[in-house]
Amino acid sequence: MEVFIMGKKLKVIRQQKGLMQRYVSQKLGIHNSYLCKIENGTVRPTAEIINKLYELYEIA
């Protein structure tokens, strides 16, 4: 359940910042479908990906 909630929050933040999934996935060096699965809560991202997302989204 917590993976689902985290993914949804990351999606909301991305949308609030006006970023497209394709742009974010390219910045992270991951496939767009993997980012989609993260945002849908079907996969748990690695700590490295989470850190990159926080940095990209400017989350402290």
- [ ] Report the C-alpha distance between Gln26 and Met20 in whole Å, list the side-chain angles of each, state the deciding distance to 0.1 Å, and finish with yes or no for side chain to side chain contact (heavy atoms under 4.5 Å, CB included).
- [x] CA-CA 10 Å; Gln26 288 174 344; Met20 301 296 291; over 6 Å; no
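- For Gln15, the CD atom counts as densely surrounded, since its 6.0 Å shell holds more than 12 non-hydrogen atoms of other residues, nucleotides or ligands.
- For the side-chain hydrogen bond (donor to acceptor under 3.5 Å, both in side chains) criterion with Glu39, the lone passing option out of Lys9, Lys8, Gln21 is Gln21.
- Tyr34 and Val43 make their closest contact through CE1-CG2, 3.7 Å (heavy atoms, listed as atom of the first residue, atom of the second, distance).
- Here the straight-line distance linking atom CZ of Arg14 with atom CG of Leu10 works out to 10.0 Å at 0.5 Å rounding.
- To the nearest 0.5 Å, atoms CD1 (Ile59) and CG (Asn51) are separated by 11.0 Å.
- Under a hydrophobic clustering in which Ile, Leu, Val, Met, Phe, Trp and Tyr are joined whenever their side-chain heavy atoms come within less than 4.5 Å, directly or via other members, Val12 and Val3 fall into different clusters.
- Within a 6.0 Å sphere centred on OH of Tyr57, heavy atoms belonging to other residues, nucleotides or ligands number more than 12.
- In this structure, CD1 on Ile30 lies 11.0 Å from NZ on Lys37, to the nearest 0.5 angstrom.
- Atom NZ of Lys27 and atom CG of Leu53 lie 13.0 Å apart (nearest 0.5 Å).
- The CG atom of Leu56 sits 11.0 Å away from atom CD1 of Ile49, with the distance rounded to the nearest 0.5 Å.
- Atom CG of residue Leu28 and atom CG of residue Leu35 lie 6.5 Å apart, to the nearest 0.5 angstrom.
- Residue Tyr54 places its OH atom among 12 or fewer non-hydrogen atoms of other residues, nucleotides or ligands, all under 6.0 Å distant.
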